Amino acid sequence: HFLLQLLFAATLLLSATFAFAQPSNDDCSNATPVPINAGVYCNEYFTGSTYDATGTATDCSSGAVQDVWYQFVATSHMHGIQFYGYNGFGIFGFEVLEGDCSGLISRLCTDSLYVTNGIIQDLSVGATYYIRVFSSTESGYDFYGCISTFPPPPSNNECIGATVLSVNESTFCNFAYAGSTLGATHSEEDCFGTQNTHDVWYSFEATGTTHRLEVTQTNTILGGYNNLGYAVYSGNCGALSDKICQQFGYTPTILTGLVPGNTYYLRVFSTVGSAHAFNICLQTVPPPPANITFASAQVITPAANAACESQTSGTTAGVETFSPSCYFGSGMGVWYSFTATANSHIIRVSNVQYLYGAGSEYWLEVLTGADSASQTSISCNYYPGNIHLNELVIGQTYYIRWLSGIFNAHTFDICIGTVPTPPNNDCVGAIPLTVDPDLSCDSPIGGTTAGSTAIPGIPCPGGGDVWYQFIATQAAQQIALSN
């Protein structure tokens with residue numbers, strides 16, 4: 001019995017020792033050396049686990065953690081660090097520190113769930129840095145990680161070395177500039193002042209009071225797709241004043257209030273942990289057209305026929321303000337008006353040319369109402385072509401609003417034709433139909449509802465109608481509509 005008890009106690013001791021064995025790199029003094037990849041993308045990884053580790057510090061928000069330690073020797077001024085956690089839950093992150101184990105200084109701390117990454121800059125080549133990988137005390141994590149190497153900073157890394165941009169004389173991007181934030185260091189925060197960024201600088205001399213700026217993302221080198229942004233400043237590198245700041249996705253900007261001959265600065269940035277390639281284009285936009293408001297609507301006189309030979313040319317180039325769309329979102333709008341000379345008119349849109357913007361969508365809306373506050377939409381058309389308007393009141397003024405998608409611009413032609421009332425608009429003018437002897441319908445009759453009006457009290461839904469009549473040849477007949 002004594003031997004059995006001794007054996008049982010030894011088994012428990014060994015099991016406890018195995019279950020609670022601490023990792024070999026549980027503290028800074030035993031930090032595991034890890035390799036560094038020569039390029040931006042990782043081919044060589046290292047693995048580890050925070051299970052059974054003790055805690056030597058906290059997470060980035062002072063929460064209790066368990067952590068393990070690594071060390072590396074910097075081979076560049078900037079390195080990227082990535083960790084991917086699995087088999088765990090809760091907070092997972094890492095901290096980069098410099099100095100020695102008796103007096104470390106934190107350089108970077110980031111945490112998230114499962115995946116966390118960061119870029120550490122202003123490193124001293126040849127110096128040793130420490131990485132503390134941690135997870136919350138409620139769960140450990142198994143993980144793998146890597147360290148990548150960034151190229152030297154680009155020549156326009158600082159404001160003083162800003163790359164000079166030429167302004168295009170029109171809305172065409174004859175001068176377009178490719179750039180990248182890869183290897184850039186930090187100058188300013190993002191638009192919200194909450195995140196560090198990696199940024200590059202450009203400058204341009206205004207040639208007019210208004211320019212359009214496009215910064216188009218062409219590639220996500222590292223990090224998130226929507227982590228690119230830009231800011232425009234007036235002043236000089238020692239005393240810059242914010243003009244605009246845009247972030248998250250494609251957001252071209254109309255720069256207004258510029259002083260011709262003055263120099264302005266553009267800072268393009270990726271938020272921490274990201275790097276992007278992009279293109280820049282500065283355009284000169286014409287002054288906005290005169291009919292950008294309801295009150296300044298351009299008058300169009302309806303043509304006497306539906307052919308509508310006389311065209312009115314329009315454009316949304318230079319429009320700077322947004323208007324709500326009848327379809328979705330908002331856009332850049334111009335206004336027209338006409339006085340109905342018949343009960344039915346046709347609006348014809350032609351020669352639509354896309355000038356600039358993030359997309360080519362456009363709408364046309366027809367409204368009634370004597371002022372902007374009392375208007376009612378009677379027709380909303382996405383990518384309009386020919387728009388038939390029936391049941392109009394002769395002598396009443398109607399308004400047309402053209403909208404190009406937000407930040408977009410088009411040129412187009414528009415005209416208003418008059419549609420004659422069909423001869424079979426009323427029951428008394430019903431056109432006789434020939435009844436075929438079988439179901440082949442060899443003698444169809446063409447027709448149109450264009451220019452027709454509705455008869456009050458008829459229960460069928462809809463607008464204008466036209467009339468036909470036939471003499472029954474049997475108790476049941478089939479009526480077919482086609483085309």
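Values reported hereafter were calculated over all heavy atoms of this structure, with side chains retained and with hydrogens, waters and symmetry mates removed. By convention here, the first residue in the shown sequence is residue 1. Just so it is clear, the structure is predicted and the values come from calculations on it, not from any experiment.
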Would you say the side-chain atoms of Y141 pair up with the backbone N or O of G93, donor to acceptor, closer than 3.5 Å?
no
Please find out if less than 6.0 Å separates the ring center of F407 from that of F322.
yes
H198 backbone acceptor or donor facing T181 side chain under 3.5 Å:
no
Say whether, by atom type as modelled, one donor and one acceptor occur between the side chain of S148 and the main chain of C42 under 3.5 angstrom.
no
Looking only at side-chain N and O atoms, does T185 offer a donor or acceptor that is under 3.5 Å from a partner on N157?
yes
Could you tell me if N291 and S296 have a donor-acceptor pair between their side chains, going purely by distance under 3.5 Å?
no
Option among T163, V200, V232 that satisfies the side chain to side chain contact (heavy atoms under 4.5 Å, CB included) test with L266
V232
If we count only N and O atoms by modelled type, under 3.5 Å, do the side chains of S187 and D199 hold a donor and an acceptor together?
yes
State whether the side chain of S404 and the backbone N or O of A409 hold a donor-acceptor pair below 3.5 Å, judged by distance alone.
no
Short side-chain to backbone donor-acceptor contact, T116 and F83, under 3.5 Å:
no
Would you check if there is a donor-acceptor pair between the side chains of S452 and D465 at a distance under 3.5 Å?
no
Do W201 and S203 have side-chain atoms, one donor and one acceptor, less than 3.5 Å apart?
no
Give a yes or no on whether the backbone of A430 and the side-chain of Q469 come within a donor-acceptor separation of less than 3.5 Å.
yes
Between S106 and E95, do the side chains contain an N or O donor and an N or O acceptor separated by less than 3.5 Å?
yes
Sole candidate of V319, T315, I414, T316 that passes side chain to side chain contact (heavy atoms under 4.5 Å, CB included) when paired with W402:
T316
Whether the T253 and Y230 side chains hold a donor-acceptor pair (N or O, under 3.5 Å, no angle test) is what I'd like checked.
yes
